[in-house]
There are 2 protein chains.
Amino acid sequence: MPSRRQVTLRDVAREAGVSVRTVSNVVNDFHYVSTATREKVEEAIAVLGYRPNRSARSLRSGSTRTLGLVLPEFSQPYYAELADAVFASARTAGYKVLIETLGPDGEDAIADVVGDLAVSTDGILVSPTFLDGTTLAADDCPVPMVALTARSVDAGFDHVAMDDARGSELATEHLLGLGRRRIAVIGSAPGFARHGLTGEARYQGYLRAHAAAGVTPDDGLAVGTLEWTQGSGYEAVQELDRRGAPFDAVFAMNDLLAVGVLHALQDRGAAVPDDVAVAGFDDIAMASHLSPPLTTIDPGMRQIVDTAIRLLLERIEGTRESEGEEILVPPTLRIRASTGGPA
Amino acid sequence: MPSRRQVTLRDVAREAGVSVRTVSNVVNDFHYVSTATREKVEEAIAVLGYRPNRSARSLRSGSTRTLGLVLPEFSQPYYAELADAVFASARTAGYKVLIETLGPDGEDAIADVVGDLAVSTDGILVSPTFLDGTTLAADDCPVPMVALTARSVDAGFDHVAMDDARGSELATEHLLGLGRRRIAVIGSAPGFARHGLTGEARYQGYLRAHAAAGVTPDDGLAVGTLEWTQGSGYEAVQELDRRGAPFDAVFAMNDLLAVGVLHALQDRGAAVPDDVAVAGFDDIAMASHLSPPLTTIDPGMRQIVDTAIRLLLERIEGTRESEGEEILVPPTLRIRASTGGPA
DNA sequence: GTGAAAGCGCTAACAT
DNA sequence: ATGTTAGCGCTTTCAC
């Protein structure tokens, strides 16, 4: 609680010798206010150090000028970069951002977090690691909501997501194009449901590229990992070695896994890309600065965020009334030294 | 604005057949409410899906149960991890977190951001890359504020910070202990004010370790960089090579710089740690997964955050009335393979 | 243990 | 172009 009593509209009005209505008009750039009055009011505001009370304003107007963002945690670089993009885009639109994190394992029930956040926001962006059809419905959220993950069933809100399958297909296609025929895939694997639609789609893209090239992938080269982190990437390589399954390339389902893969390969003396080519997914800032720089999939995160916020604002303003739809943003392959591209 | 009209206390009271006062008591766990009444009210809350309106509650009570956090951007891993720590710690205390970012270069005036954020929070944590004496004063902020950076002058609020000089001294000492005598230092340098007290303190620690070991450092081995990012680390190595100044170790002022350094050394074929030992600062999650794993300084970030939040809550609750003070958290050296430690 | 009612600071409908 | 005022949903004082 502030030690000094808050300066209110009334104080400003008294100081400037006008009514609260006029001050409110000045503050909100409403209606016509004569230049002389405006200047008087602005001076009073400066003198008193007035700042509008956001709680009162929200209570009265029903709008908070705040967007909610729900994500797993900042420590995963993809989500950190996503958060920066959301802040930049929201700020441009004149909104603040209130964040809730779900914890690394999504331990908090997402519907609860969303419902709670909805009370203080005009609209919500949800970006869990994945979303299945039952986790979240539009009914859980009294304000508009846009998901930043792929859609399984129509739960009544918009989805703006990367095209996981297509990205994974691009990466695998690239590795096959280098003549690699034993491409390990790390992250998700058949019968490994932990990473939901995302893991499943990225695995399907891997299969699709093989099918298109007429190559039959060896099931023994697919390693599901509990987490998609550096440590898991490292252990996945050890697991492959344990299985005795030789491989000449690795497609890691995210860049963090790929960091662990590079580290493990270095430790056992394999040359990248000569012995093993490595590709990741996400194109985090670190990717181009690894040793060697990492070939990866740029999922178009900026475009995802900008589109999602645009849709969300349209819902908030009531200019978008259509059914919830799914927009998939096309990914781009970034070829770097880890698959023989330029250093 | 919600499509369905909001469910209010009044609605719950009507549904449960009690007064709003009673519902409020149940919601806030106040006073004595008979078990029967409590159950009736809780049932009504569940049936109607009531959620307290946070704006109204804040307006009335003067408290928002929200802490503000001001940081440069999430894309720098140190700040991402800091944000996760703040969320965890704040949540334990029953507070939400409202974040504002300053942009990578701190382009937004920090005093403005803080003043603005203060309107919707009970207290604020500020963690800019650095803070000089003139940037921010307690007067800019009507709610309690704790800075997560070192203090230059007493501006009237608490500071809880890492001990930059000591951390840097530990790292340099370690490199000197390995017998290295030409230790390049990257980030800040004499006459390079861009990184404020932080850069200055880390440079002083480097000097202090040299003095203690009776070694005179070569000024030509100090490289100031505009940013503390991977790219700058890479370019700093090129700059050293351009200067023709041989070096057998690098102390990078943060881990991101060290990533760029490792990359550059790899590109020109230098072996780490045999030819050049490398140490960083921050101990970001990535550090132990680089190739080779990076020796670095763990600044005790969790302890910094926990302490800062404890102080902030004490200020908010009015149980801490003392002058603003500075608490320095002791850093720890983490020895890894980049200086010959265990792989 | 519960009810009635005032009022937090602001916006906007209704005045003039 | 500016003034007056009701009331957003909640907490809390006062009465019972």
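In what follows, chains carry the letters A, B, and so on, assigned in the order in which the sequence lines appear, proteins first and then strands, with residues in each chain numbered from 1.
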Exercise. Please report the shortest heavy-atom distance between A:L313 and A:A93, naming the atom on each side.
Key: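 In terms of heavy atoms, the two residues are closest at CD1-CB, 3.6 Å.
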Self-check item: Residue pair B:R51 / A:D112: nearest heavy atoms and the distance that separates them
Solution: NH1-O, 3.9 Å
Exercise. Provide the full list of side chain to side chain donor-acceptor pair (under 3.5 Å) pairs with a residue in residues 78-88 of chain A, sequence neighbours left out, each pair given once.
Key: A:D84-B:S75
Quiz item: B:T92 and B:S89: side-chain donor and acceptor closer than 3.5 Å?
Solution: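 Looking only at side-chain atoms, B:S89 and B:T92 do not form any donor-acceptor pair under 3.5 Å.
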Would you call [X] and [Y] a salt bridge, using N to O less than 4.0 angstrom?
| X | Y | value |
| --- | --- | --- |
| B:R320 | B:D158 | yes |
| A:D122 | A:R65 | no |
| A:K96 | B:E100 | yes |

Practice problem: Pick base, sugar-phosphate or nothing for A:S58, based on heavy-atom distances below 4.0 Å to the nucleic acid. | Solution: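 Result for A:S58 = nothing.
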Quiz item: Which is true for B:S55 with a 4.0 Å heavy-atom rule: it touches a base, it touches only sugar-phosphate, or it touches nothing?
Solution: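 The residue B:S55 makes no contact with any strand.
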What N/O pairs connect the protein and nucleotides 10-12 of chain D at under 3.5 Å? Give each pair on its own line.
from, atom 1, to, atom 2, distance (Å)
D:dC10, OP1, B:Y50, OH, 2.6
D:dC10, OP1, B:N53, N, 3.1
D:dC10, OP2, B:L9, N, 2.5
D:dT11, OP1, B:R57, NE, 2.6
D:dT11, OP1, B:R57, NH2, 3.4
D:dT11, OP2, B:S24, OG, 3.2
D:dT11, OP2, B:N28, ND2, 3.4
D:dT11, O2, B:R60, NH1, 2.7

Quiz item: Would you say B:E43 has more than 12 foreign heavy atoms packed within less than 6.0 Å of its CD?
Solution: no
Self-check item: Degree of bending in the helix from C:dG1-D:dC16 to C:dT16-D:dA1 once both end axes are built from five pairs, to 10°
Solution: 30°
Practice problem: On DNA chain C, check which nucleotide each of B:L59 and B:S19 is closest to and give me the residue with the more 5' one. | Solution: B:S19
